[in-house]
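To start, the structure itself, in structure tokens.
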Amino acid sequence: MYTKYILCFVYIFVYINTQEVEIVSNALGNANVIIKLIEEDLEIAKYKILNTKEKKVNIKLYYECLCPDCRRFDSKELKKVVERLTPYLKIETYPYGNAKTSHINGKIEFKCQHGPKECYGNKLHACSLNIINNATDALLFNICMTDPEHPSGGSDDPTADACGEKMAIDAKTIKECAKSEKGNELLEQYGIESDKVHYKYVPYVLINGNEWTGNNFMKDVCAAFSTPPPPCVEEKSQNEKFLNVAV
């Protein structure tokens, strides 16, 4: 009888201590995240102080949401650059691609290379850029929507919901915008800006106004700086270590 009480006491003691360890572990984990963010902010501030004449590298991307090459570029190339270099860049994206705009009976209509689904997807992208206050979050939301792994095909309502849940973003307002006249107006404006460039293919990328035709976007963006920022220095160092190991 007493043995049962002792075992019960031991179990409760172990459980309580396990919970305390978990709480402390979570607190330390959160502290480490905060410290890392502070270190990154200090690193950015230090770079800007030491390189006052260094201008942000300008990137422009012209794309359409269901283009296979555009989706590969977003998930394999652009995402890494956005996540690591955003504070040092000015990024502008134009989700229109090879679409055509017309006005019929006073209404704006679009014809897209990959059909009506792409027209709606492009509107989702245009609306997210307009609605999401944080420009980096808006870019990452759209990159999330173009991920080729999405079961529904990407850049549609289920994908917007999934990306919204993942990033704690209200996808409902973005979907409402895409279905409204506001979505039409935003996409039309992206069409006007896209038509000024006269590109022949998508994704069409400009780095400081120069057409990008390389195969390593991160490397080429870093090369556009006269003084590479810390993430570029780190990337180069990692690549050199990899090459040395390979040799």
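Computed from a predicted model, the values in this text were never measured in an experiment.
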Just so I know, are the side chains of [X] and [Y] near enough to count as touching, which here means a heavy-atom distance under 4.5 Å?
{"X": "Lys55", "Y": "Asn208", "answer": "no"}
{"X": "Pro68", "Y": "Arg72", "answer": "yes"}
{"X": "Val205", "Y": "Leu78", "answer": "no"}
{"X": "Leu129", "Y": "Leu186", "answer": "no"}
{"X": "Glu211", "Y": "Leu206", "answer": "yes"}
{"X": "Leu85", "Y": "Pro229", "answer": "yes"}
{"X": "Pro203", "Y": "Trp212", "answer": "no"}
{"X": "Gln113", "Y": "Leu66", "answer": "no"}

Aromatic ring pairing Tyr62/Tyr199, orientation class (parallel under 30°, perpendicular over 60°, tilted between): tilted
Geometric class of the Phe217/Phe73 ring pair [parallel <30°, tilted 30-60°, perpendicular >60°]: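 It falls in the perpendicular class, over 60°.
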SB check Glu193 Lys196 (cutoff 4.0 Å): yes
[atom1]/[X]: more than 12 non-hydrogen atoms of other groups inside 6.0 Å:
{"X": "Asn215", "atom1": "CG", "answer": "no"}
{"X": "Lys182", "atom1": "NZ", "answer": "no"}
{"X": "Glu165", "atom1": "CD", "answer": "no"}

What's the shortest heavy-atom distance between [X] and [Y], and which atoms?
{"X": "Pro148", "Y": "Ser75", "answer": "CD-OG, 3.9 Å"}
{"X": "Met167", "Y": "Asp137", "answer": "CE-O, 3.5 Å"}
{"X": "Pro87", "Y": "Lys56", "answer": "O-CE, 3.3 Å"}
{"X": "Lys60", "Y": "Asn58", "answer": "CG-OD1, 3.5 Å"}
{"X": "Asp220", "Y": "Gly214", "answer": "OD2-CA, 3.8 Å"}
{"X": "His103", "Y": "Glu188", "answer": "NE2-OE2, 2.6 Å"}

Hydrophobic cluster identity match, Ile192 and Ile108, side-chain contacts under 4.5 Å: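 Per the 4.5 Å side-chain linkage, Ile192 and Ile108 are not co-clustered.
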Hydrophobic cluster identity match, Val233 and Tyr88, side-chain contacts under 4.5 Å: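 Different clusters: Val233 never reaches Tyr88 through Ile, Leu, Val, Met, Phe, Trp or Tyr contacts under 4.5 Å.
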Side chain to side chain contact (heavy atoms under 4.5 Å, CB included) assessment of Ile207 paired with Asn210: CA-CA 5 Å; Ile207 301 177; Asn210 299 311; 5.5 Å; no
Side-chain H-bond candidate by donor/acceptor type, Tyr96 with Thr101, under 3.5 Å: yes
Donor on one side chain, acceptor on other, Lys179 and Tyr120, under 3.5 Å: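 Yes, a side-chain donor-acceptor pair sits under 3.5 Å.
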If you measure from [atom1] on [X] to [atom2] on [Y], what distance do you get to the nearest 0.5 Å?
{"X": "Ile169", "Y": "Ile132", "atom1": "CD1", "atom2": "CD1", "value": "4.0 Å"}
{"X": "Lys79", "Y": "Cys144", "atom1": "NZ", "atom2": "SG", "value": "7.5 Å"}
{"X": "Leu124", "Y": "Cys119", "atom1": "CG", "atom2": "SG", "value": "11.5 Å"}
{"X": "Lys117", "Y": "Ser152", "atom1": "NZ", "atom2": "OG", "value": "6.0 Å"}
{"X": "Met218", "Y": "Lys80", "atom1": "CE", "atom2": "NZ", "value": "5.5 Å"}
{"X": "Tyr201", "Y": "Cys67", "atom1": "OH", "atom2": "SG", "value": "11.5 Å"}

Ser237 (side chain) donor-acceptor with Glu234 (main chain) under 3.5 angstrom: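 No; judged by distance alone, with no hydrogens or angles, the pair does not exist.
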Verdict with supporting geometry, Thr93 and Tyr190, side chain to side chain contact (heavy atoms under 4.5 Å, CB included): CA-CA 9 Å; Thr93 59; Tyr190 279 119; 5.8 Å; no
Identified side chain to side chain contact (heavy atoms under 4.5 Å, CB included) counterpart of Asn142 within the set Ser155, Cys65, Ser128: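 Only match with Asn142 under side chain to side chain contact (heavy atoms under 4.5 Å, CB included): Ser128.
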Check: Tyr63 ring centre within less than 6.0 Å of His125 ring centre: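 Here the rings of His125 and Tyr63 have centres that are less than 6.0 Å from each other.
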Candidate pair Asp170 and Ile131, rule side chain to side chain contact (heavy atoms under 4.5 Å, CB included), full reasoning: CA-CA 10 Å; Asp170 181 13; Ile131 291 172; over 6 Å; no
